[in-house]
Structures are given as structure tokens and as C-alpha cells.
Number of protein chains: 2
Amino acid sequence: MDTYRADDAWEALGDRTRRLIVERLARGPAAVGELAAGLPVSRPAVSQHLKVLKAAGLVTDHAEANRRIYRLNPAGVGALRDQLDTFWGRALENYKHTVEEVEEQENG
Amino acid sequence: MDTYRADDAWEALGDRTRRLIVERLARGPAAVGELAAGLPVSRPAVSQHLKVLKAAGLVTDHAEANRRIYRLNPAGVGALRDQLDTFWGRALENYKHTVEEVEEQENG
DNA sequence: CACGAACGTAAGTCTTCACTTACCATGGCG
DNA sequence: CGCCATGGTAAGTGAAGACTTACGTTCGTG
């Protein structure tokens, strides 16, 4: 499943409409029409967004009779979370170092 | 610090160059010229990107003589992480429910 | 089999935005 | 005080992409 670039996921979530779709899918699976009904854009637009989200590994889909059900992909979201955690950790670390340096200067 | 919209942060990280800047700053503070030196774009472009990242609450800056030092803002990254965690949690929850439903169907 | 519902895709438009060059302001140094 | 380094901003350009309408396809139903 590592064929998905993390870059793709970031770019996918860079669009506001796609973030709305993801937020909706976080509350449970949904069909394309259902998603479009809650959004200010047309159904084909939602289809195109879902294509991007799927390519980024953020959602999965499966056919169900006439309809196509989309759901959030925990793996994709998790990968994003992991990458963000490294930023977070290193940022905190650097922040701590900086504070210590400042304190040393102030006390010295 | 809640004046920063989480939306801004997602949109800011939607750009590849800005992600490279963030990754660089995660390894420690840097001046504009230093950042530009490690990137395939001009220095003014980096300045504009930093402006966006700053507006999104992802970085902070302070003057140091002639130079202007930018560093990652733990608060901004943390806010993003929190939001992603809710997606993550709900996605896992839904995934678990789905698995249980499928198992019930298979066993029933 | 004909019809309607649900969906993906093609083609085209229009806005957004990332990038460039040129210019201006500020701070250290001879 | 001239000179260089550093960096923010203005203006213009080109490409990416988000959206629309139109169309083709598949599936269940009368």
C-alpha cells in the first residue's frame, strides 16, 4: 500500500471541497449522490474529487448494485498522521532547544 | 491563537514547495536565503510562501540584524494534528463497525 | 425490453495561484 | 557616507485545476 505518495494526500486535502468530503466520510460511508447532496457542487464534480482522494489512498470504494459506496481509508489517514507526527516531534524538540538557549543567554 | 483557521493550514500545505519549506524548518530555524538555496525556486517565491505559512499559523519569524529567521510553530502543527486525529479516530471506529457488520453477515 | 436512477468520463471555460523579474527599504562595514 | 547583503513587495505571465454541461454505461423494475 506504499504505492501511494504522501504528497498526493497533502495535495488532495489542499482543496476545501475534498476536505468537506473527507469530513463527511469520517462520519460513515456514503454514496456519490449522498455526498453531492450535502455539497455546493454538482455530482460530477464530486466524482472527480473522489477520484483524486482514491488515488491519494484516502478513500476506498466498492460497488453496491447501482450505487458506489465510498468510505474513509484508515491506512491513508494514518500515513498522513505519521508524517505530521514527525514534524510535530521535531518542531517541539527544536522549540525546546531554543528556549534552553535563550534561558542560557539570559542567565549568562 | 485560534484566529488561525485550520483550513488555511491545510491549503498552505497543499503546495509542494511549502511542504519542502516546512520539512526544512522542522530540522531547525533558517533565514529566507538559506531556505531558497535549498529549493528550486527564487528567493522572492520563498518569501511569498513564508507569508502564506505565517498567515496559516504554521511558522513564526523574527528579525535578526539584516536577516529574518523563520521557525516552525508547534501550535500550528499541533492544531493540524488534532484535527487529523479526529478523522483518524472516527475512521477507525467506522472501520471497526463495518468489519463487525460483515462478520455478522458472514456468520449469520 | 424500455425506462429511470446512479455514476463515471469527455470537453470546455474561467478563476486561482505559483513563479518570475524589477524595484525599494533596511542593516552592517569599509 | 557609499557599498553590499538581505529580504519584502509590485506587476505580469503561464499553467494548473475546480467546476460546468453533455454523453455513455450499468443496474434494477415495471
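Naming: A, B, ... by sequence-line order, numbering from 1 per chain. Predicted model only: the values in this text are computed from it and were never measured. Hydrogens, waters and symmetry mates are skipped; everything else that's a heavy atom, side chains included, is used.
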Could you walk me through whether A:R16 and A:R18 pass side-chain contact (heavy atoms from CB on, under 4.5 Å), step by step?
CA-CA 5 Å; A:R16 163 172 261 280; A:R18 282 196 287 266; over 6 Å; no

Using a 4.0 Å heavy-atom cut-off, does [X] contact any base of the nucleic acid, only the sugar-phosphate backbone, or nothing at all?
X	result
A:R67	sugar-phosphate
A:A31	sugar-phosphate
A:R16	nothing

Do B:V22 and B:I69 belong together in a cluster built from hydrophobic side chains that touch within less than 4.5 Å?
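No, B:V22 does not connect to B:I69 through the hydrophobic network.
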
Review point. Any link between A:L25 and A:V52 through a network of hydrophobic side chains (Ile, Leu, Val, Met, Phe, Trp, Tyr) touching at under 4.5 Å?
Key: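 Not linked; separate clusters.
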
Please check the phosphate of [N] (OP1 and OP2 only) for any side-chain N or O of [X] closer than 4.0 Å.
X	N	result
B:T17	C:dC19	yes
B:H49	C:dC17	no
B:S42	C:dC19	no
A:R43	D:dC19	no
B:Y70	D:dT6	no

Could you state the [atom1]-[atom2] distance from [X] to [N], rounded to the nearest angstrom?
X	N	atom1	atom2	value
B:L53	C:dA18	CG	P	10 Å
B:H62	D:dG8	NE2	P	13 Å
A:D61	C:dG8	CG	P	7 Å
A:L13	D:dA18	CG	P	12 Å
A:R19	D:dA18	CZ	P	11 Å
A:R68	C:dT9	CZ	C1'	14 Å
A:I69	D:dC27	CD1	P	15 Å
B:E11	D:dA18	CD	C1'	12 Å

Quick check for you: among [options], whose closest atom lies nearest to any side-chain atom of [X]?
X	options	answer
A:R18	D:dA5, C:dA22, D:dA18	D:dA18
A:A45	D:dT20, C:dG8, C:dG28	D:dT20
A:N66	D:dT26, D:dT9, C:dG8	D:dT26
B:P44	C:dA22, D:dG7, D:dT20	C:dA22

Open item on the list: Check this for me: does any side-chain nitrogen of one of A:E11 and B:R19 sit under 4.0 Å from a carboxylate oxygen of the other?
Closed with: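 Yes.
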
Donor/acceptor link under 3.5 angstrom from B:Q48 side chain onto base of C:dT20:
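Per atom types, the contact qualifies.
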
Checklist entry - Can you find an N or O donor on one side and an acceptor on the other, under 3.5 Å apart, linking the side chain of B:D15 with the base of C:dA18? => result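 A donor-acceptor contact between them is absent.
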
Sort out for me which residue in B:V77, B:L53, B:I21 forms a side-chain contact (heavy atoms from CB on, under 4.5 Å) with B:V59.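 Exactly one pass, corresponding to B:L53.
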
In the structure I gave you, are the side-chain heavy atoms of B:T17 and B:V46 within less than 4.5 Å of one another anywhere?
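No, side chains not in contact.
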
